[in-house]
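Just so you know, residue 1 is the first one in the sequence shown, and it goes up from there.
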Amino acid sequence: MEDPLHPFELHNFLPLSLFGLDVSVNKAVLMMWVVVGLVTLLLMKAGSARALVPSKLQSLGELLVDFIRGIIHDTMGASGMRYFPLISALFLFILFSNLVGLIPGSYTITSQIIVTGVFAVGVYLLSLIIGFQLHGTKFFGILVPPGTPGWLLPLMIPIELISQLARPISLAVRLFANMTAGHVILGVLFGLTIAGGLMIGWLPFSFTIALYGLEVGIAFIQAYIFTVLTCVYIGDAMHMH
């Protein structure tokens with residue numbers, strides 16, 4: 001049976017080096033370009049019509065905009081709309097990366113920990129920058145939950161500090177692990193289908209179909225969770241608890 005982790009291997013199509021850094025083009029890079037192109041095409045086509053009676057594509061674009069706007073208002077308030085371009089770009093990129101990765105022969109960008117790690121660390125560093133920019137040194141007060149007695153501070157501050165440092169780790173690992181695990185299971189079930197032949201191969205194949213539908217739902221859920229937590233972290237930096 002083929003190694004289920006084989007689809008996650010990357011091999012360079014075009015070896016390139018820039019100032020000593022490896023910037024070679026591989027399958028993941030190509031899929032990033034594809035995802036950016038699809039998102040751009042969708043938004044351009046959806047926004048170019050602007051009809052009073054919207055087409056299906058325009059309705060889809062408006063639905064996405066309203067959905068992302070709702071997430072921002074629920075977690076950051078109206079003042080969080082200044083970050084709408086960032087949040088929408090992040091949500092759509094992760095969503096399309098997850099969905100495109102389900103197409104046989106393609107590649108799931110979010111199955112690479114380096115990709116999700118860059119997103120997670122970038123979001124967390126942005127929240128710190130926003131916090132210090134808005135509140136200065138008072139932003140350190142986020143390490144002290146409101147109403148904490150003074151004698152508990154030596155205990156609560158280390159706990160809150162560990163909690164803060166765990167944010168980018170959990171954010172990166174959650175998305176990476178969910179996308180990787182689902183594709184590994186699909187690969188194993190496909191292998192069992194082929195190995196089982198006509199007699200018993202139908203059984204793992206039926207599970208494959210059910211799991212594939214579940215993976216489509218997980219693609220949406222993981223993009224939603226990543227976006228919500230991003231808004232929560234930025235909202236915490238803006239409003240201090």
Return each pair, listed once, that meets salt bridge (Lys or Arg N to Asp or Glu O under 4.0 Å) where at least one residue sits in residues 128-149; pairs must be two or more places apart or across chains.
-> none
Using a 4.5 Å cut-off on heavy atoms from C-beta on, say whether the side chain of L128 contacts that of F139.
-> yes
So, do L42 and L60 sit near enough that their side-chain heavy atoms are less than 4.5 Å apart?
-> yes
Least distance between heavy atoms, I72 atom then C231 atom = CG1-SG, 4.2 Å
V173, V232: one ILVMFWY side-chain cluster at the under-4.5 Å cut-off?
-> no
Who pairs with F84 by ring pair (Phe, Tyr, Trp, His ring centres under 6.0 Å), at least two apart in sequence or on another chain?
-> none
Heavy-atom side-chain proximity of I87 to I71 below 4.5 angstrom | no
Do we see a donor-acceptor contact under 3.5 Å between the side chains of E62 and Q58?
-> yes
Evaluation steps, side-chain contact (heavy atoms from CB on, under 4.5 Å), between M156 and V144 = CA-CA 7 Å; M156 292 303 300; V144 182; over 6 Å; no
May I ask whether L95 and L63 are part of the same hydrophobic cluster, defined by side-chain heavy atoms of I, L, V, M, F, W, Y residues being less than 4.5 angstrom apart, directly or through others?
-> no
Partner set under salt bridge (Lys or Arg N to Asp or Glu O under 4.0 Å) for R174, not counting sequence neighbours | none
With ring centroids as reference points, do Y224 and F67 lie under 6.0 angstrom apart?
-> yes
Looking only at atom types and distance, does a side-chain atom of S111 sit under 3.5 Å from a main-chain N or O of T108, one as donor and one as acceptor?
-> yes
Set of residues satisfying side-chain contact (heavy atoms from CB on, under 4.5 Å) with respect to P154, sequence neighbours excluded = none
Which atoms form the tightest heavy-atom contact between N98 and L175, and what is the distance?
-> ND2-CD1, 4.1 Å
Where is the tightest heavy-atom contact between S106 and M31, given as atom of each residue plus distance?
-> CB-CE, 3.9 Å
Shortest non-hydrogen contact between Q112 and F176, atoms and distance | C-CD1, 4.1 Å
Scanning both residues in full, the closest heavy-atom pair of T116 with A172 reads OG1-O, 3.1 Å
Are V216 and F226 linked, directly or through other ILVMFWY residues, by side chains that come within less than 4.5 angstrom of each other?
-> yes
Give the cluster check for L152 versus I157: same hydrophobic cluster or not, with ILVMFWY residues linked at side-chain heavy-atom distances below 4.5 Å.
-> no
Rounded to the nearest 0.5 Å, what separation is found between the CD1 atom of I94 and the OG1 atom of T110?
-> 7.5 Å
Does the side chain of H239 come within less than 4.5 Å of S79's, by heavy atoms?
-> yes
Please check if F91 and I221 belong to a single hydrophobic cluster, counting links between Ile, Leu, Val, Met, Phe, Trp and Tyr side chain heavy atoms closer than 4.5 Å.
-> yes
Do you know which two heavy atoms are closest between M238 and H135, and how far apart they sit?
-> O-NE2, 3.0 Å
Please determine if R69 and D74 form a salt bridge, counting it only when a charged side-chain N lies under 4.0 Å from a carboxylate O.
-> no
Would one find more than 12 heavy atoms of other residues, nucleotides or ligands at under 6.0 Å from atom CZ of F140?
-> no
So do Y233 and L171 actually touch side chain to side chain, heavy atoms under 4.5 Å?
-> yes
Would you sort out whether L43 and L92 count as a side-chain contact (heavy atoms from CB on, under 4.5 Å), showing the intermediate values?
-> CA-CA 10 Å; L43 296 180; L92 291 174; 4.0 Å; yes
Any residue meeting side-chain contact (heavy atoms from CB on, under 4.5 Å) with L41, in chain and number order, not counting sequence neighbours | K45
List in chain and number order the residues that pass side-chain contact (heavy atoms from CB on, under 4.5 Å) with A46, two or more places apart in sequence or in another chain; answer none if no residue qualifies.
-> L57
Given F119 and F93, is the ring-ring contact (aromatic ring centres under 6.0 Å, His included) satisfied, shown in steps?
-> CA-CA 11 Å; F119 282 159; F93 183 86; 5.6 Å; yes
